[in-house]
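If you're wondering where the values come from, they're calculated on a predicted model, not measured in any experiment. Order of the sequence lines sets the chain letters (A, B, ...), proteins ahead of strands, with each chain counted from 1.
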Protein chains: 2
Amino acid sequence: MRQIASEVGVQVGALYNYTPDKQTLLYDLMRGHLDALLEAFTDDPTRKPEERLRSFVQFHIQFHHERPDAVFIAYMELRNLTPENFSRIEILRKTYEDRLEAILHAGVASGDFDVPDTKIATLAVIAMLTGVNTWFRAGGRLSLKDVEGQYWQMVRKAVLAQRRD
Amino acid sequence: MRQIASEVGVQVGALYNYTPDKQTLLYDLMRGHLDALLEAFTDDPTRKPEERLRSFVQFHIQFHHERPDAVFIAYMELRNLTPENFSRIEILRKTYEDRLEAILHAGVASGDFDVPDTKIATLAVIAMLTGVNTWFRAGGRLSLKDVEGQYWQMVRKAVLAQRRD
DNA sequence: GGTTGTTTTGAACGTTCGTTCAGTTAACGT
DNA sequence: ACGTTAACTGAACGAACGTTCAAAACAACC
């Protein structure tokens, strides 16, 4: 709390005009992040599953890249939530996962995708995409667009139904 | 330190017969985990890249599943290392990544795999596999063998050179 | 059984932490 | 200019933290 106050340029007591306590502040930060995530994501169920998945991959990478601090907190501070707040955050996270799973499910139903278990594929894809935040920094060898393209190709191939031979 | 002492069944002062300070204890835990990881992993460069990759996937999932606490610490406590210790740990982690990258590189060279950038594919695969630890618990709907199989299929398809049509 | 060496205890130290609050300062409509 | 409301300061509180150390307990060997 003292570090936050100092970076904001205020004494620590002043923070308590904005949050009842530290736990609530942490919860509000995470909640705000996940609300923004769910609000920003758009999906058009009338499009082809492959197009919807491509949109998801691009969206996820871009959204997370723009908010490295929020993403870091949302992952690393989970264990400091009270059980009640943890449950609330998990519900939001699950909601987001369900958006991806719906896409994978549609693709399996249409025969475009082939995965044995859409739930597992969902978690695998999200883990893979979120991993970008741990290493990607703008200004390096590759642009974010390059990275998006490469991850999209890997995700696409991983779930696509293979032509039989 | 008091919590560790209490779970060990000892007073807090006694811990300092085993570690000079808390930072060193944390570093030793991480170091031990990564040493064990590198020691346990085996790779046979004379086998086919696809076989080597399959071994890697299976090994990674199994090894991490057997040590949930060590894995948790190795990821969540990174930020509490001093810069010197952080660098040392990063070197070990990079060494492990290089093992996987060597496999992917061999596969690309032989034409079995097709990825634009083996470094990115390496990070993507590891992030995806390590993600298993965040949700898999024995005794659920799927066995660890099932999970290994499904992740292997996704990884395999993601990096495999596609037949052209 | 006594001696030596190793471990553990129990208590204390100086910091840092989250939080509170009386008192001061700033903001603003009238 | 004044009065009211909102925001911030500065100092304090109790608790928890990492660490130290003299004294006590234990272990191992002759």
Say you draw a straight line from CG of Leu37(B) to CZ of Arg99(B); how long is it, rounded to the nearest 0.5 Å?
8.5 Å
Answer yes or no: is there an ion pair linking Glu97(A) with Lys94(A), defined by an N-O contact shorter than 4.0 Å?
no
Atom CG of Leu25(B) to atom P of dC17(D): distance rounded to whole Å?
15 Å
Connected hydrophobic set around Ile91(A), excluding itself, where side chains approach under 4.5 Å:
none
Where does the angle between the aromatic ring planes of Tyr96(A) and His64(A) fall among parallel (under 30°), tilted (30 to 60°) and perpendicular (over 60°)?
tilted
Is the backbone of Lys145(B) close enough, under 3.5 Å, to the side chain of Gln62(B) for a donor and an acceptor to pair up by distance?
no
Do any pairs count as a ring pair (Phe, Tyr, Trp, His ring centres under 6.0 Å) and have a residue in residues 97-147 of chain A, sequence neighbours left out, and if so which ones?
His65(A)-Phe136(A)
Starting at OH of Tyr18(B) and ending at P of dT19(D), how long is that distance when rounded to a whole Å?
17 Å
Using the 3.5 Å cut-off, write out each protein N or O paired with an N or O of nucleotides 14-18 of chain C and the distance between them.
| unit_1 | atom_1 | unit_2 | atom_2 | d |
| --- | --- | --- | --- | --- |
| dG18(C) | OP1 | Lys22(A) | NZ | 2.3 |
| dG18(C) | OP2 | Met1(A) | N | 3.1 |
| dG18(C) | N7 | Arg2(A) | NH2 | 2.7 |
| dG18(C) | O6 | Arg2(A) | NH2 | 2.6 |

Can you build the contact string for nucleotides 21-29 of chain C? Use B for base contact, S for sugar-phosphate-only contact, and - for no protein heavy atom under 4.0 Å.
---------
Tell me whether the rings of Phe59(B) and Phe63(B) are parallel (<30°), tilted (30 to 60°) or perpendicular (>60°).
tilted
Can you tell me if Asp117(A) and Gln150(B) form a side-chain donor-acceptor pair at under 3.5 Å?
no
Using atom CD of Gln11(B) as one end and atom C1' of dT19(D) as the other, report the distance to the nearest whole Å.
14 Å
Length of the CG-C1' vector between Asn17(A) and dA7(D), whole Å:
6 Å
Spell out, as yes or no, whether a donor-acceptor pair under 3.5 Å connects the side chain of Asn133(B) to the backbone of Thr130(B).
no
Sequence neighbours excluded - salt bridge (Lys or Arg N to Asp or Glu O under 4.0 Å) pairs with any residue from residues 12-23 of chain A
none
Would you write the dot-bracket representation of DNA chain C, where each base gets (, ), [, ], | or . depending on whether it forms a Watson-Crick or G-U pair under 3.5 Å and with which partner?
||||||||||||||||||||||||||||||
dC21(D) C1' sits how many Å from Leu15(B) CG, rounded?
15 Å
Check for a donor-acceptor pair, side chain of Arg79(B) on one end and backbone N or O of Met76(A) on the other, with a separation under 3.5 Å.
yes
